[in-house]
A.B. asks: 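My questions all concern the structure below.
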Amino acid sequence: MPGSDEPNLSEEENLDALVAEYEDSEEGKAAGEPTPETRAEKLTKLFYNTPEMQECRQTADSIQTRLNPEDTVRVQLEVPREFIRLTEFLEQKRATAAGVEPLPPPQVLNQILLNELHDQLHGLITGPARFRYYRDLWNRFCDTQGAPDQKLPDPLAGAGEGGEGPF
């Protein structure tokens, strides 16, 4: 091992010598250069400091903090009759599998809406790029920062026949 043949060096001095030797090597110099991940992390930090992303974070955090399942607002939905039929059909299958009575369609639809809204809030907090507005905002930001290689594709752009899955 290079540098370890010095009998008077302490372990710490020996380690320092090995680190210095590595940093001076071609491999060490290459490892010290910024990587795409480092660039992406820097861009992300800058992006989260934009007014739009500060507003996004503040709004999402406020909603999450103040969310009270008991503080509700009644809304009325107009749903095509066949979607009610679909809801009843799927709820019957769920209830049969669970060995329970099916829930009425308004209760099922309420839960579906609550689940979707919780999912949207979670997405806004953990990955706002799932929303087109924020994905487009990120892509424009990447263009202005000279980082077109960091842009995010539209996940629906390539959707179509021949997807993965058993069906």
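Because the structure is predicted, anything quoted here is derived from the model rather than measured.
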A.B. asks: Please check if the number of heavy atoms outside Arg132 that lie under 6.0 Å from its CZ is greater than 12.
C.D. replies: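 Counting other residues, nucleotides and ligands, CZ of Arg132 stays at 12 neighbours or fewer.
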A.B. asks: Taking all non-hydrogen atoms of both residues, which atom of Pro128 and which atom of Tyr134 are closest, and how far apart?
C.D. replies: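 Heavy atoms of Pro128 and Tyr134 come nearest at O-CB, 3.2 Å.
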A.B. asks: For Val75, enumerate each residue passing the side-chain contact (heavy atoms from CB on, under 4.5 Å) test, keeping only those at least two apart in sequence or located in another chain.
C.D. replies: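 Applying side-chain contact (heavy atoms from CB on, under 4.5 Å) to Val75 gives none.
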A.B. asks: Is it the case that over 12 heavy atoms from other parts of the model lie below 6.0 angstrom from the OH atom of Tyr48?
C.D. replies: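 Yes, enclosed.
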A.B. asks: List for me each residue that meets side-chain contact (heavy atoms from CB on, under 4.5 Å) alongside Asp143, sequence neighbours excluded, and say none if there are none.
C.D. replies: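 Asp143 satisfies side-chain contact (heavy atoms from CB on, under 4.5 Å) with Pro148, Lys151 once adjacent residues are dropped.
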A.B. asks: List the atom of Pro153, the atom of Arg135, and the distance in Å for their closest heavy-atom pair.
C.D. replies: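 Distance-wise, the nearest heavy atoms are O-CD, 3.4 Å.
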A.B. asks: A quick test of your reading: do over 12 heavy atoms of other residues, nucleotides or ligands sit less than 6.0 Å from CZ of Phe83?
C.D. replies: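 Atom CZ in Phe83 is not packed in, count stays at 12 or less.
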A.B. asks: Which residues pass the side-chain hydrogen bond (donor to acceptor under 3.5 Å, both in side chains) test with Thr96, sequence neighbours left out?
C.D. replies: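 side-chain hydrogen bond (donor to acceptor under 3.5 Å, both in side chains) list for Thr96, sorted by chain: Gln92.
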A.B. asks: Donor-acceptor pair, distance only, cut-off 3.5 Å: does the side chain of Asp71 make one with the backbone of Leu67?
C.D. replies: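 It does not hold such a pair.
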A.B. asks: With a 4.5 Å cut-off on side-chain heavy atoms, are Asp136 and Arg140 touching?
C.D. replies: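 Yes, close enough: below the 4.5 Å cut-off.
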A.B. asks: What distance separates Met53 CE from Trp138 CH2, expressed to the nearest 0.5 Å?
C.D. replies: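 One gets 9.5 Å once the value is rounded to the nearest 0.5 Å.
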A.B. asks: With a 4.5 Å cut-off on side-chain heavy atoms, are Glu91 and Glu88 touching?
C.D. replies: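 The answer is no; the side chains never approach within 4.5 Å.
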A.B. asks: Mind checking the CZ-CG spacing from Arg85 to Leu90? Nearest 0.5 Å is all I need.
C.D. replies: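 The CG atom of Leu90 is 11.0 Å from CZ of Arg85, to the nearest 0.5 Å.
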A.B. asks: List the atom pairs, donor and acceptor, that lie under 3.5 Å between side-chain atoms in residues 99-127 and the rest of the protein, sequence neighbours left out.
C.D. replies:
unit_1, atom_1, unit_2, atom_2, d
Gln111, NE2, Asn115, OD1, 2.8
Asn115, ND2, Gln111, O, 3.4
Glu116, OE2, Gln120, NE2, 3.0
Asp119, OD2, Arg130, NH1, 3.2
Asp119, OD2, Arg130, NH2, 2.8
Thr126, OG1, His122, O, 2.9

A.B. asks: With a cutoff of under 4.5 Å between side-chain heavy atoms, which Ile, Leu, Val, Met, Phe, Trp and Tyr residues group with Val73?
C.D. replies: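 Besides Val73, the hydrophobic cluster comprises nothing; the residue is isolated.
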A.B. asks: Considering residues at least two apart in sequence or located in another chain, which fulfil the ring pair (Phe, Tyr, Trp, His ring centres under 6.0 Å) criterion with Phe141?
C.D. replies: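 Here the qualifying residues are Phe47.
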